[in-house]
Protein chains: 2
Amino acid sequence: MSIPDQVARRTQPNADSAAEDYLKTIYHHTEWQSAPVTPSVLAATMGVAPSSVTEMAKKLSAAGLVNYEPYKPLTLTPEGTARARGVIRRHRLIETWLVDEMGYDWHEVHDEAEVLEHSISDRLLDAIDTRLGHPTRDPHGDPIPAADGSVENSPALLLSQAAVGTSGMVVRISDRDPSLLLSLAAAGIRPSTTLSVVSRDAGAGFIVRVALASDADADTGPLVPVSASGSSSIWISAPA
Amino acid sequence: MSIPDQVARRTQPNADSAAEDYLKTIYHHTEWQSAPVTPSVLAATMGVAPSSVTEMAKKLSAAGLVNYEPYKPLTLTPEGTARARGVIRRHRLIETWLVDEMGYDWHEVHDEAEVLEHSISDRLLDAIDTRLGHPTRDPHGDPIPAADGSVENSPALLLSQAAVGTSGMVVRISDRDPSLLLSLAAAGIRPSTTLSVVSRDAGAGFIVRVALASDADADTGPLVPVSASGSSSIWISAPA
DNA sequence: GCGAATTTTTAGGCGTGCCTAAAAATTCAA
DNA sequence: TTGAATTTTTAGGCACGCCTAAAAATTCGC
């Protein structure tokens with residue numbers, strides 16, 4: 001017994017973080033847009049070559065996590081959905097923790113969470129969840145899947161689909177683009193802000209009126225332009 | 001511009017966590033035992049094959065982090081030492097945080113820290129450090145290197161080298177073996193416990209008297225056996 | 001409905017970090 | 001000091017996750 005067993009190590013990197021990223025991304029597409037996820041869309045979203053998607057699709061399919069048939073869109077199996085929700089739960093709890101306890105601003109948390117979501121243990125995640133009091137929304141307003149996998153989905157309206165005159169409260173803003181978050185925050189737009197659509201233009205984007213906290217429905221708030229891409233990253237509560 | 005640039009991703013795993021593990025392990029050997037680190041020792045410690053060590057030694061040497069010449073022991077360059085201390089700082093701050101804030105017990109933190117030390121950002125590490133008030137010792141009594149790389153090294157005596165009759169305060173216990181930590185904790189031995197050596201036997205180990213907190217020097221504490229390996233994991237303050 | 005454009009898959013490679021087996025160097029011991 | 005034992009290095013492979021280029025399938029537009 002000169003040298004100890006060197007088994008077990010082998011596949012040592014952070015578990016299957018690549019696989020988890022695919023599952024997460026597939027889930028996101030079905031969570032928000034309801035379009036089926038084609039390999040090319042997935043490749044573009046993840047910044048990998050289409051052939052990488054094909055490869056991983058086969059592996060995930062063999063593992064029973066995605067439904068894959070050549071030349072068809074990808075969907076998650078129930079197990080795959082559960083795994084994806086688990087990753088998203090980690091991501092959003094970590095973001096919430098960073099903002100609530102560690103002094104981060106909401107536009108700064110995405111990248112850190114992107115890494116930690118693959119390396120935190122269940123034990124530590126539970127500790128964080130408990131400390132935070134089992135939050136159900138992250139700092140961007142995204143629902144945090146519960147430990148049992150259930151997700152609270154309140155109906156909301158994408159700003160890009162709101163007609164002129166519509167008003168409502170911002171319930172959710174995509175965390176994908178930190179610079180967008182920064183500019184929205186600067187304009188006073190964040191979850192729970194009340195907005196009304198003043199004008200919309202297919203190409204140029206929107207102009208919204210941001211209601212002042214004190215006087216929610218008056219026409220006194222500042223007018224703020226929102227780009228077309230920004231408008232498809234903001235959800236407002238469906239009008240009453 | 002159908003598909004965005006897919007550069008940058010490439011070497012995406014958690015930076016160079018393998019390299020960092022080698023640096024850390026080399027550093028540990030010189031920090032505690034002062035024997036030179038041969039490839040075989042390193043291989044055994046890390047649970048990899050000797051040939052893997054040779055390979056990595058070449059890479060680290062090319063990167064200017066270790067001094068490597070074929071058939072000779074490995075040492076760290078100044079840059080390598082700095083990097084190693086950085087990793088150890090991360091590890092120990094994370095352990096301290098887990099115990100102080102997240103409800104972990106001191107024997108449970110090693111594995112979690114082992115993973116997180118490679119994925120936490122500098123930003124988050126600073127936030128943790130600040131929250132904890134810039135601690136200088138982790139829960140096992142190990143010194144936490146400062147952000148500037150300096151390490152406070154208080155002289156201590158390895159229990160395995162203490163003569164019968166020696167007494168002193170436990171200042172440090174190696175965190176490498178969780179089961180040892182657990183049994184020591186059960187026996188009431190942890191940093192700041194006062195011990196005196198009652199008997200020692202090269203093969204069988206030691207018997208120490210654990211002083212009761214209230215009455216540090218009296219002969220009233222329980223007698224506790226410490227294995228030979230345990231005795232080389234415990235440091236006590238050098239006798240006054 | 002059929003060729004062109006696009007999407008997807010296949011084929012072949014690359015770097016990392018690990019392995020085993022065999023060769024080379026070093027160390028030990030009689 | 002010299003042959004045996006041990007240590008270290010070299011050589012050749014493997015899995016992963018990514019890539020590019022080329023081939024195949026699908027979809028689109030006239």
Side-chain angles (χ1 to χ4, degrees), chain A residues 1-26 29 35-63 65-75 114-115 118, chain B residues 1-26 29 35-63 65-75 114-115 118:
Chain A
M1 56 177 272
S2 48
I3 288 181
D5 270 22
Q6 45 226 34
V7 190
R9 207 156 226 261
R10 304 293 157 82
T11 311
Q12 66 162 179
N14 38 19
D16 331 80
S17 73
E20 287 185 342
D21 279 336
Y22 280 91
L23 296 175
K24 187 180 58 168
T25 307
I26 296 170
H29 269 270
V37 193
T38 63
S40 56
V41 166
L42 203 45
T45 306
M46 302 193 58
V48 301
S51 57
S52 302
V53 173
T54 303
E55 251 176 25
M56 185 59 87
K58 287 177 181 172
K59 270 179 215 165
L60 295 176
S61 173
L65 299 171
V66 312
N67 303 117
Y68 168 68
E69 287 182 83
Y71 298 99
K72 295 220 253 171
L74 299 166
T75 58
E114 202 66 34
V115 175
H118 301 298
Chain B
M1 59 175 273
S2 49
I3 287 182
D5 271 23
Q6 44 226 31
V7 190
R9 209 157 226 261
R10 303 295 156 81
T11 310
Q12 67 161 177
N14 37 20
D16 332 80
S17 74
E20 287 185 342
D21 280 336
Y22 279 90
L23 295 176
K24 186 180 59 168
T25 307
I26 295 169
H29 268 271
V37 193
T38 63
S40 57
V41 166
L42 202 46
T45 306
M46 301 193 59
V48 301
S51 57
S52 302
V53 173
T54 302
E55 252 176 25
M56 185 59 88
K58 287 177 181 170
K59 270 180 215 165
L60 294 176
S61 173
L65 299 171
V66 311
N67 303 116
Y68 168 67
E69 288 183 81
Y71 298 100
K72 294 220 253 172
L74 299 165
T75 57
E114 203 64 36
V115 175
H118 300 298

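Remember, predicted model here, so these are calculated numbers, not experimental data.
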### Query
Out of curiosity, A/Tyr22 OH to A/Ser17 OG, how far, rounded to the nearest 0.5 Å?
11.0 Å
### Task
Using atom CG of B/Leu74 as one end and atom P of D/dT8 as the other, report the distance to the nearest whole Å.
9 Å
### Task
Take atom CG of B/Leu60 and atom C1' of C/dG17, then tell me their distance rounded to the nearest Å.
12 Å
## Note on the structure
In whole angstroms, the gap separating P of D/dC28 from OH of A/Tyr71 amounts to 16 Å
### Task
Using heavy atoms to find the nearest nucleotide of DNA chain D for A/Pro70 and A/Ala19 separately, return the residue whose nucleotide is more 5′.
A/Ala19
### Message
Tell me the closest heavy-atom pair linking B/Tyr68 and B/Ser61, and the distance in Å.
### Response
CB-CB, 3.8 Å
### Message
Using OP1 and OP2 only, check whether a side-chain N or O of A/Ser51 sits under 4.0 Å from D/dC19.
### Response
no
### Message
Among A/Ile26, A/Asp16, A/Leu60, exactly one meets side-chain contact (heavy atoms from CB on, under 4.5 Å) together with A/Leu65. Which residue is that?
### Response
A/Leu60
#### Entry: Options D/dC18, C/dT8, D/dT8, nucleotide nearest the side-chain atoms of B/Thr54
D/dT8
### Query
So, is A/Ser52 close to the D/dC19 phosphate, meaning a side-chain N or O under 4.0 Å from OP1 or OP2?
yes
### Message
If I take atom NE2 in residue B/His118 and atom C1' in nucleotide C/dG17, what distance separates them, rounded to the nearest angstrom?
### Response
14 Å
### Query
Per the end-axis method with five pairs at each terminus, what is the bend angle of the helix from C/dG1-D/dC30 to C/dA30-D/dT1, to 10°?
0°
### Summary
To the nearest angstrom, the CD-P distance between B/Glu69 and C/dA25 comes to 16 Å
### Minimum heavy-atom distance B/Ala57-B/Val66, with the two atoms named
O-CG2, 3.8 Å
### Message
Nearest to the side chain of A/Lys58, heavy atoms from C-beta on, is which of C/dG17, C/dT10, C/dC19?
### Response
C/dT10
### Task
Check B/Asp21 against B/Thr25 and note the closest heavy-atom contact, atom names and distance.
O-OG1, 2.7 Å
### Task
Please figure out whether A/Glu55 or A/Tyr68 has its closest DNA chain C nucleotide nearer the 5' end.
A/Tyr68
### Message
Nearest to the B/Lys59 side chain among D/dC18, C/dT16, D/dT9, which nucleotide is it?
### Response
C/dT16
### Query
Any side-chain heavy atom of B/Pro73 sitting closer than 4.5 Å to one from B/Val37?
no
### Task
Can you tell me the distance, in whole Å, between the CD atom of B/Glu20 and the P atom of C/dT16?
16 Å
### Message
Between A/Lys72 and C/dT8, is there a contact of a side-chain N or O with OP1 or OP2 at under 4.0 Å?
### Response
no
### Query
B/Ala19 and B/Met56: which non-hydrogen atoms are nearest, and at how many Å?
N-CE, 3.9 Å
### Query
Between D/dG17 atom P and A/Asp21 atom CG, what is the distance in whole Å?
11 Å
### Query
Taking OP1 and OP2 of C/dT16, is either one under 4.0 Å from a side-chain nitrogen or oxygen of B/Tyr22?
no
